[in-house]
**Student:** 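Just dropping this structure here.
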There are 2 protein chains.
Amino acid sequence: MVTLHDVARAAGVSISTVSRALSAPDKVAEATRRRVTAVVQELGYTPNRAASLLRSGRTGSVGLVVPDLENPYFASLAKGVQSRAQEAGMSVLIADSDENPRHEPELLSQLVQQTDGVLLAAPRDLAADFGVMDGTPAILINAEHPDLASVSVDYEEAMVRAVAHLRALGHTRIAYVGGPTRSRSDGQRRAGLKLAGDQYDGLEILDLGAFSPKVEGGEAAADLALGSGATATIAYNDLVAVGLLRILARRGVDVPAQMSVMGCDDTLASQLATPALTTMYVDIRGAGEAAVNMFLELSGRTPGKGRVSDLAEHRTLPVQLVVRDSTAAPRRA
Amino acid sequence: MVTLHDVARAAGVSISTVSRALSAPDKVAEATRRRVTAVVQELGYTPNRAASLLRSGRTGSVGLVVPDLENPYFASLAKGVQSRAQEAGMSVLIADSDENPRHEPELLSQLVQQTDGVLLAAPRDLAADFGVMDGTPAILINAEHPDLASVSVDYEEAMVRAVAHLRALGHTRIAYVGGPTRSRSDGQRRAGLKLAGDQYDGLEILDLGAFSPKVEGGEAAADLALGSGATATIAYNDLVAVGLLRILARRGVDVPAQMSVMGCDDTLASQLATPALTTMYVDIRGAGEAAVNMFLELSGRTPGKGRVSDLAEHRTLPVQLVVRDSTAAPRRA
DNA sequence: ATGAAAGCGCTAACAA
DNA sequence: TTGTTAGCGCTTTCAT
């Protein structure tokens, strides 16, 4: 293994000069810097992370806690976190709580000691998690807390736009298949729906109730949607929409001719569904990147590359309509 | 931060005793051990990773290189790797090459210096990757190399079983939508198909050619499948099968009544498709876990928990048939 | 069975 | 601008 010593000797300088040449190039004479970097190249020196971290007290990694890596939503989030962190020279430790909130505190306390900060995606029990964090900076994703920075998707706006799309197609009775009652993001969606409902005359929004945010949830809601007299249904997310599609197909209902269906999140699921789902694109990767950026600032690291700074304590991400094959004008009565 | 020193002082012993009590309990008197562990509990001591790693020369992490974290196949793989590594007290650094083989060597050389070993999932250019690895243990996933240990899915067997399923339903003309020509796993699949074709009398396997292993690939192949006179089509993977379904639906072809379709891998995609895909389950998470186990042994760490040891240089994972809604008996002529 | 002590490779004062 | 030096917290001989 090549160490600072080897480089120093070969370059005829002291180890601190080498160290500086690498981490604070402007504090070293140009000529020296060049000589040092040349030797570094030649010898193939790579800094020993453990040593530098031990000394500096930093770990060079961020932790990311997700409920399930196999869920495309969180896979995308992880991808965003990963790419931004890599750019910033940090690594990402991913902890998968396996949808089990009871694992979270344990996972977290493990992560906390191995990272400079943690990004919490949809933690179930923030209070419990909070205890073990012990001063480590944390960023919440799609959740909020007075003491913590956070990043979230603008689900309210998402629903306003979804309704606008359906309304423009001519729908006047729209059903909503809700997600977990206690979920903050379901609340946001409902707020958006209300806003949209109030905005347009002669538009009715039907609340079908709370369902599991998975394919099963949609399957459970499908017949309710059919019976409601709605000509369009908005689902809590893409998976729920897929569940709707499944049962509707089984009932011989033609989507979109007889019933329009919208998903939310634009995950892979919306592209895989048949028909492909009209959905609201939310920039989940962007959320991951934004979370890393926030962490970087919070911890006083340089955000790099002249990006716009995310100084805000809370950042809301924009959404976008994606029209595919599952929505159309309602059939004339 | 609580250090060994603090514990030592509180327990009235030396730091080396504490260290031993923790890492080699049998080399310490029972009474001492108990006293030490009590103090550890009380003070909430947790070892400083950086320090211990610096001293021992290990990093405590494994690297995982995947082409795309958003692909459900690799998401599952990552999940498997993650969970087993966590169990073994190691962390996972995930590098996403973003489907760009040219990134791989660079990513790899970064990973290599931050980890004790790397797990390579489907590297595109092994030769190039090889150069930068520089003695770091590596495990190949779904690829093989004479000098490297590897884990792969038994795609040959998968195809044999797929054909058996269709044959049992009464199909005699079966089309195959192939994946990338140079892909080793496509070769395996073809070998399996040949085996199955030879095994049964009056069974015809039609090769539709090589396609992109994504939804688009299936879309491209759909009309070929229809024109081939086959009553069933096996796709390279689930995504390709979804592409088939999409076009078949557009052509008004009833799946499975007029055409049976099979996917492969049992990723999320197969459950999301309409109709849900009959597919071959392959234990991708298991592959990830097996890869970690192999690494653990290769590097002389204890595999823990009395698991069956994966001493083999190469491990093949079993597959399983999953019947859903996309296959049925062919319509009587 | 336990303790003393020597570093692992690096960073960050502090001096020069 | 550069060099000297003191550790970071831990593991691991080597004594005792």
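Residue numbers begin at 1 in each chain, while the letters A, B, ... track the order of the sequences.
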**Student:** Nearest whole angstrom, please: distance from the P of C:dA13 to the NZ of A:Lys27.
**Tutor:** 10 Å

**Student:** Measure from CG on B:Leu54 to P on D:dT12 and round the result to the nearest Å.
**Tutor:** 12 Å

**Student:** How close or far is atom P of C:dT2 from atom CZ of B:Arg9, stated in whole angstroms?
**Tutor:**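 Taking CZ of B:Arg9 and P of C:dT2, I get 20 Å after rounding.
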
**Student:** Heavy atoms only, 4.0 Å cut-off, all strands: where does B:Ile15 land among base, sugar-phosphate and nothing?
**Tutor:**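 Base, at least one base atom sits under 4.0 Å.
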
**Student:** Going from OG on A:Ser185 to CG on A:Asn142, what distance comes out if it is rounded to the nearest 0.5 angstrom?
**Tutor:**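 These two atoms lie 6.0 Å from each other.
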
**Student:** Which nucleotide sits closest to the side chain of A:Thr3: D:dT1, C:dG9, C:dA1?
**Tutor:**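 Of the candidates, C:dG9 comes closest.
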
**Student:** What is the separation between atom CZ on A:Arg20 and atom C1' on D:dT1, rounded to the nearest whole Å?
**Tutor:** 8 Å

**Student:** From B:Ser76 OG over to B:Arg285 CZ, what is the distance, rounded to the nearest 0.5 angstrom?
**Tutor:** 7.0 Å

**Student:** Using side chain to side chain contact (heavy atoms under 4.5 Å, CB included) as the criterion, point out the one residue from B:Ile139, B:Leu148, B:Asp116 that pairs with B:Leu298.
**Tutor:**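 The single option meeting the side chain to side chain contact (heavy atoms under 4.5 Å, CB included) with B:Leu298 is B:Ile139.
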
**Student:** Whole Å only: how far is the CG atom of B:Asp6 from the P atom of D:dC8?
**Tutor:**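 Those two atoms, CG and P, are 11 Å apart.
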
**Student:** Tell me whether B:Glu30 at atom CD has more than 12 heavy atoms from other residues, nucleotides or ligands lying less than 6.0 Å away.
**Tutor:** yes

**Student:** Check whether any side-chain heavy atom of B:Glu87 sits under 4.5 Å from a side-chain heavy atom of B:Glu289, and report yes or no.
**Tutor:**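 The answer is no; the side chains never approach within 4.5 Å.
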
**Student:** Hey, does the side chain of A:Ser14 come within less than 4.0 Å of D:dG3's phosphate (OP1/OP2), counting only N and O?
**Tutor:** yes

**Student:** Can you identify which nucleotide, out of C:dC10, D:dC10, C:dA1, has its nearest atom closest to the A:Tyr45 side chain?
**Tutor:**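 Looking only at heavy atoms from C-beta outward on A:Tyr45, the closest nucleotide is C:dC10.
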
**Student:** Which nucleotide in the list C:dA1, D:dT2, C:dG9 gets nearest to the side chain of A:Ala51?
**Tutor:**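 That would be C:dG9.
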
**Student:** Does C:dT11 have OP1 or OP2 under 4.0 Å away from a side-chain N or O of A:Ser19?
**Tutor:** yes

**Student:** Please report, rounded to the nearest Å, how far the C1' atom of C:dA5 is from the CG atom of B:Leu4.
**Tutor:** 15 Å

**Student:** Test for a donor-acceptor pair under 3.5 Å between the base of D:dG9 and the side chain of A:Arg55, counting only N and O atoms.
**Tutor:** no

**Student:** Between C1' on C:dT11 and NE2 on A:His5, what's the gap in Å once rounded to a whole number?
**Tutor:** 13 Å

**Student:** Report yes if a donor N or O on one partner sits less than 3.5 Å from an acceptor N or O on the other, where the partners are the side chain of B:Ser16 and the base of C:dA4; otherwise report no.
**Tutor:**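 Under the 3.5 Å cut-off, the side chain and the base do form a donor-acceptor pair.
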
**Student:** For B:Thr32 and C:dT2, is the shortest distance between a side-chain N/O and OP1 or OP2 below 4.0 Å?
**Tutor:**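 For B:Thr32, the contact criterion (side-chain N or O under 4.0 Å from OP1 or OP2 of C:dT2) is met.
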
**Student:** What is the distance, to the nearest angstrom, from the CG atom on B:Asp26 to the P atom on C:dT2?
**Tutor:**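 Taking CG of B:Asp26 and P of C:dT2, I get 12 Å after rounding.
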
